[in-house]
2 protein chains.
Amino acid sequence: MFEKIALIGIGLIGSSIARAVKDQHLAAHIAISTRSQNTLDKAEKLGLGDSYSIDPTIVVKGADLVIICAPVGAYEAIGKAIAGHLSEGAIVSDVGSVKEHVVKALKPHLPAHVHFIPGHPISGTENSGPEAGFAELFDGKWCILTPVAGTDPEALGKLKALWEALGSDVEIMDAKHHDMVLAITSHVPHLIAYNIVGTADHLESVTKSEVIKFSAGGFRDFTRIAASDPEMWRDVFLTNREAVMEMLGRFSEDLSMLQRAVRFRDGEMLEELFTRTRNIRRSIIDAGQETDAPDFGRHVVVHEDDENQV
Amino acid sequence: MFEKIALIGIGLIGSSIARAVKDQHLAAHIAISTRSQNTLDKAEKLGLGDSYSIDPTIVVKGADLVIICAPVGAYEAIGKAIAGHLSEGAIVSDVGSVKEHVVKALKPHLPAHVHFIPGHPISGTENSGPEAGFAELFDGKWCILTPVAGTDPEALGKLKALWEALGSDVEIMDAKHHDMVLAITSHVPHLIAYNIVGTADHLESVTKSEVIKFSAGGFRDFTRIAASDPEMWRDVFLTNREAVMEMLGRFSEDLSMLQRAVRFRDGEMLEELFTRTRNIRRSIIDAGQETDAPDFGRHVVVHEDDENQV
């Protein structure tokens, strides 16, 4: 499908792309670059690619597809570095969780002879690093592509075909709209999860060991996404600032109304909301975007030495 | 272990107790009562008990253990109804998510010759009704008992032994402290989850089908607890009002700080928090209170007709 795919960044997403591309022989050569020698060594030990270099300008040479899989904050430097080394007609894409910023950070630096097509696979886990990836990560998930005006349809088709080969359904969307959709479906949920875990962490009236012991009451659900990669998420909030603040504003308004309903004992309002939200989960399950197994089908292994650990 | 256990309310928790008690022969007779004939018929069809009645005064007759498994808002009426029919020395307990209110609502009505010991198993799923229960629900979970001053140690020991037989670790706690601990580990997380699902439900800039399609970015995690029983949760917020508002106040203060960090691009503050929260999940996993499988070990079955359903 491709002659040479260059991956810049080899964490959860990059390493999952490498594994899936290798398994399905979608490229003759996979070249891997990342900023830390330690991570690059891990990738090589895992046999994720065919060639490795700390220098992105070397791996992009002769590549017909370059995918940037680094934290969004690093894009501009990467774009400047690789710009002069990209092959004629190469496709340059990425997997960043924000898209309007990515266009701003990369497009001005890229030569006219490459096809720049931003992308975002809506998939991941709370784990990070090259060891965390797996080939099936994208299977049955959505991947959003946000091509800029005048994008070559053939190049777009090739990138779409790659993601479909990885098992994803591809959606084409405007970058600005993508950022608004992800602000509510991903960014604000992460911010809220990080926040409540932080709140629970510095209470005086409740000890940390009590929070940990009794977290099965609901709290632990939030700790999963609050365990996501700190640097990646820092960059998401710094680069999708406006959309996040807009959606966070909505969330806070609604939460004030809910707090007011609790204060004034408005049971009707509470029950009406709690019934409505139940239907939304049903729709997500029906859409094949969530498991219908109770409690996520979660299986907790109880250790012998609970007490000591708590 | 018991001659006759009377269960008043036979939803997720009540039916799980019935199944576990039956499997392990912990009672010679299980008597079941609930306010709706329809639910009672379901319980009988499922063979959850040995006798069934819509009238709680009948099922408590001769019972040496009575467990109220109904929404907390119904407790006072139940207490008044059964008070005159309880046997000498019977243990009266419950499974409600709030405890100080339960003491206020029940204790004044109960005769001096019974042992009143409130309880709360920290276990459940997002499903409700007698069909949703299963015998292993309490296995490896915590159960908190909040005995009032002067509780008979022998009665307390018997109730503790029952929960341990169901697989739970038992913690003894003051009712007021329980309500504070659960406000942060369970009640506020539920309120926040209900709130963000509600916020996403009435946006103009993002369609509901987009929220559903791209919910894998984090949003769907919140929909699980936002699918919990509406009436039960309405009563939790109405009866643990002060603790919920206290913890919600903390959450909102912290969220304002976080919003400010986003507004003023304070990447350091964001990364510091995101790193701290990651460690808390690790502690919960080490304590055997959460699975360490990525993405909760979630397995989504992708339907053929996704598109149509979205």
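Computed from a prediction, not measured in an experiment: that's the story for all the values here. Letters A, B, ... are given to chains in the order of the sequence lines, protein chains preceding strands, and every chain is numbered from 1.
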Side chain / backbone / both / neither for A:Ile196 at chain B, heavy atoms under 4.5 Å: both
Identify which of B:Tyr194, B:Phe134, B:Phe219 forms the greatest number of heavy-atom pairs closer than 4.5 Å to chain A. B:Tyr194
Given a strict heavy-atom distance threshold of 4.5 Å, which part of A:Met269 is in contact with chain B: side chain, backbone, both, or neither? neither
At a 4.5 Å cut-off on heavy atoms, which part of B:Leu248 comes close to chain A: side chain, backbone, both, or neither? side chain
Any idea which of A:Phe237, A:Phe222, A:Phe251 has the most non-hydrogen atom pairs under 4.5 angstrom with chain B? A:Phe251
Between the side chains of B:Arg250 and A:Glu204, is the shortest nitrogen-to-carboxylate-oxygen separation below 4.0 Å, so that they form an ion pair? yes
Go through the atoms of A:Arg276 and report whether side chain, backbone, both or neither lie under 4.5 Å from a heavy atom of chain B. side chain
Among B:Met180, B:Arg263, B:Glu272, who wins on heavy-atom pairs under 4.5 Å with chain A? B:Arg263
Below 4.5 Å, heavy-atom pairs only: which of B:Arg241, B:Arg234, B:Arg265, B:Met247 has the largest tally toward chain A? B:Arg241
What option among A:Ile225, A:Asp266, A:Thr207 has the most heavy-atom pairs under 4.5 Å with chain B? A:Ile225
Go through the steps to decide whether A:Arg298 and A:Asp295 satisfy the test salt bridge (Lys or Arg N to Asp or Glu O under 4.0 Å), and finish with yes or no. CA-CA 6 Å; A:Arg298 188 189 251 143; A:Asp295 200 17; 2.6 Å; yes
Between B:Arg278 and A:Pro230 (side chain of the first, backbone of the second, donor and acceptor by atom type, cut-off under 3.5 Å), is there such a pair? no
Let's test your reading of the structure: which of B:His120, B:Glu231, B:His177 forms the most heavy-atom pairs below 4.5 Å with chain A? B:His177
Under 4.5 Å to a heavy atom of chain A? For B:Glu171 that would be side chain
In terms of heavy-atom proximity below 4.5 Å to chain B, should A:Ala293 be classed as side chain, backbone, both, or neither? backbone
What residue, out of A:Leu270, A:Asp292, A:Thr125, A:Ile280, has the most heavy-atom pairs lying under 4.5 Å from chain B? A:Ile280
Non-hydrogen side-chain atoms of A:Ile13 and A:Pro121 separated by less than 4.5 Å: yes
Could you tell me which portion of B:Met257 (side chain, backbone, both or neither) has an atom closer than 4.5 angstrom to a non-hydrogen atom of chain A? neither
Given side chains that start at C-beta, do those of B:Asp201 and B:Lys208 come closer than 4.5 Å, heavy atoms only? yes
Option that, when pairs with chain B are counted at under 4.5 Å, heavy atom only, ranks first among A:Gly249, A:Ser215, A:Gly297: A:Ser215
Against chain A, label B:Ser128 side chain, backbone, both or neither, depending on which of its atoms sit under 4.5 Å from a heavy atom there. both
Do the side-chain N and O atoms of B:Arg19 and B:Ser15 include a donor-acceptor pair separated by under 3.5 angstrom? yes
Cut-off 4.5 Å, heavy atoms of chain B, and the answer for A:Glu253 is neither
Could you have a look at B:Ile284, B:Thr291, B:Thr185 and say which one has the most heavy-atom pairs with chain A under 4.5 angstrom? B:Thr185
Counting only heavy atoms from other residues, nucleotides and ligands, does the tally under 6.0 Å from NE2 of B:His299 exceed 12? no
Is it the case that the side chain of B:Thr146 and the backbone of B:Lys99 share a donor-acceptor pair, with hydrogens and angles ignored and the cut-off at 3.5 Å? no
Using heavy-atom distances under 4.5 Å, tell me whether B:Leu255 contacts chain A through its side chain, its backbone, both, or neither. both
Are B:Arg282 and B:Asp286 close enough for a salt bridge, meaning some N to O gap below 4.0 Å? yes
Which one of A:Gly218, A:Ser228, A:Ala227 has the most heavy-atom pairs closer than 4.5 Å to chain B? A:Ala227
When the aromatic ring centroids of A:Trp233 and B:Phe274 are compared, is their separation below 6.0 Å? no
With a cut-off of under 6.0 Å to the ring centre and 45° to the axis, is A:Arg224 in cation-pi contact with B:Phe296? yes
Look at A:Val211, A:Leu182, A:Val244 and state which one has the largest set of heavy-atom pairs under 4.5 Å with chain B. A:Val211
Would you find a donor on one side and an acceptor on the other, under 3.5 Å apart, between the side chain of A:Asn240 and the backbone of A:Asp179? yes
Could you tell me whether the side chain of B:Thr199 and the main chain of B:Asn195 form a donor-acceptor pair under 3.5 Å? yes
